S.K.: 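Take this structure, written in structure tokens, and hold onto it; I'll ask about it next.
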Amino acid sequence: APAAPRGPPAPGGAPLQFPRGHIKEKMSEDRYKERPLRPFTHASFQTANSSFEEAMQHMDKCEYKQAEAKFKECIETDPNHIAALSYYGKVQLDVRSHHTLAQDLFIRALALEPANPVALGGLALLHANIFKDNNYAEKLFKQALEIDSTDSTNLANYSLFLRDVRDDSQKARYYMQQALFHDPTRPWLRNNAYKF
């Protein structure tokens, strides 16, 4: 019997795709299972990383629309690109206010790398500011800072949380000073750290 027609593999490798008009039921279950996954090639890896690097350059310039497009391009090439998932989530949270999408992206990143401080910090901010689950938010902030105690974004956000939610100005001042110490050239920190 002639081999059943096969379509092109989907990104990440679909088990089997059928051209229009082909009836899937004609295939045996064993035949369906034996289709190998499409390998993630070195070229795909390079393409994804190149898109991510361009996205981060746009982020540094506050060019969020261009950054968003490059993050999406990266994730389309590599659906498991942890850094792209994390930072794309930050864009959705901080710039677009697409909270559900941001949460989904952070959770996807954390499923791949549970100790990801960017995704943990983003999820903490989401729970603090949107879901108003302050205890869980603080737990996530602490986890993120245990992993990377020099992350100025998480330090500053935790400082704001301590000041505005916990009313603990002494701790808030400490974390804001730490944020400024680790990122002294960041304009927002230079302009606001003295207020704590």
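As the structure is a prediction and not an experimental result, all values here were calculated from the model. Computed over heavy atoms, backbone and side chain alike; hydrogens, waters and symmetry mates excluded.
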S.K.: Within this structure, what is the CG-CG distance for the pair L120 and L145, rounded to the nearest 0.5 Å?
M.R.: 9.5 Å
S.K.: Any side-chain heavy-atom pair from F52 and D78 closer than 4.5 angstrom?
M.R.: no
S.K.: side-chain contact (heavy atoms from CB on, under 4.5 Å) between T153 and K90: does it pass, once the steps are laid out?
M.R.: CA-CA 11 Å; T153 299; K90 285 177 69 68; 3.7 Å; yes
S.K.: Are any of the side-chain heavy atoms of Y136 and L140 separated by less than 4.5 Å?
M.R.: yes
S.K.: Is a side-chain donor or acceptor of R108 paired with a backbone partner of P79 at a separation under 3.5 angstrom?
M.R.: yes
S.K.: Tell me whether the rings of F131 and H127 are parallel (<30°), tilted (30 to 60°) or perpendicular (>60°).
M.R.: perpendicular
S.K.: Do F196 and V165 sit in the same hydrophobic cluster, where Ile, Leu, Val, Met, Phe, Trp and Tyr count as joined when their side-chain heavy atoms come under 4.5 Å apart?
M.R.: no
S.K.: Does any part of the side chain of R186, heavy atoms only, come nearer than 4.5 Å to the side chain of P184, both counted from C-beta?
M.R.: no
S.K.: Parallel under 30°, tilted from 30 to 60°, perpendicular over 60°: which one fits the rings of F71 and Y87?
M.R.: parallel
S.K.: Between atom CG of L105 and atom OG1 of T100, what is the distance when rounded to the nearest 0.5 Å?
M.R.: 11.0 Å
S.K.: Do M176 and N192 have side-chain heavy atoms sitting under 4.5 Å apart?
M.R.: no
S.K.: Which atom names give the shortest non-hydrogen contact between S86 and A109, and what distance separates them?
M.R.: OG-CB, 3.4 Å
S.K.: What residue among E138, K171, R163, Q178 forms side-chain hydrogen bond (donor to acceptor under 3.5 Å, both in side chains) with Y158?
M.R.: E138
S.K.: Between S152 and L189, what is the shortest heavy-atom contact and its length?
M.R.: CB-CD1, 4.1 Å
S.K.: Is S159 reaching over with its side chain to a backbone N or O of L155, donor-acceptor style, under 3.5 angstrom?
M.R.: no
S.K.: Give a yes or no on whether a salt bridge exists between E68 and K65, defined as a side-chain N under 4.0 angstrom from a carboxylate O.
M.R.: no
S.K.: Calculate, to the nearest 0.5 Å, the distance between atoms CD and OG belonging to E53 and S51 respectively.
M.R.: 9.5 Å
S.K.: Distance from T185 atom OG1 to L180 atom CG, nearest 0.5 Å?
M.R.: 9.5 Å
S.K.: Is the count of non-hydrogen atoms from other residues, nucleotides or ligands lying under 6.0 Å from D167 atom CG greater than 12?
M.R.: no
S.K.: Does the D151 side chain pair with the main chain of P117, one donor and one acceptor, at a distance under 3.5 Å?
M.R.: no
S.K.: Could you tell me if the side chain of N134 sits less than 4.5 Å from the side chain of F161, heavy atoms only?
M.R.: yes
S.K.: Check whether any side-chain heavy atom of D148 lies under 4.5 Å from a side-chain heavy atom of N154, and answer yes or no.
M.R.: no
S.K.: Under 4.5 Å between side-chain heavy atoms, hopping through other hydrophobics if needed: is there a path connecting M56 to V95?
M.R.: yes
S.K.: Got C62 and Y64 here, is their nearest side-chain heavy-atom distance under 4.5 Å?
M.R.: yes
S.K.: How far does CG of L85 sit from CG of L112, to the nearest 0.5 angstrom?
M.R.: 6.5 Å
S.K.: Are the side chain of H81 and the backbone of A84 linked by a donor-acceptor contact shorter than 3.5 Å?
M.R.: yes
S.K.: Does any part of the side chain of M59, heavy atoms only, come nearer than 4.5 Å to the side chain of V91, both counted from C-beta?
M.R.: yes
S.K.: Roughly how far apart are I130 CD1 and L123 CG, rounded to 0.5 Å?
M.R.: 12.0 Å
S.K.: Give the cluster check for L110 versus I82: same hydrophobic cluster or not, with ILVMFWY residues linked at side-chain heavy-atom distances below 4.5 Å.
M.R.: no
S.K.: Yes or no on side-chain contact (heavy atoms from CB on, under 4.5 Å) for V118 and F106, after CA distance, side-chain angles and deciding distance?
M.R.: CA-CA 8 Å; V118 176; F106 293 142; 5.6 Å; no
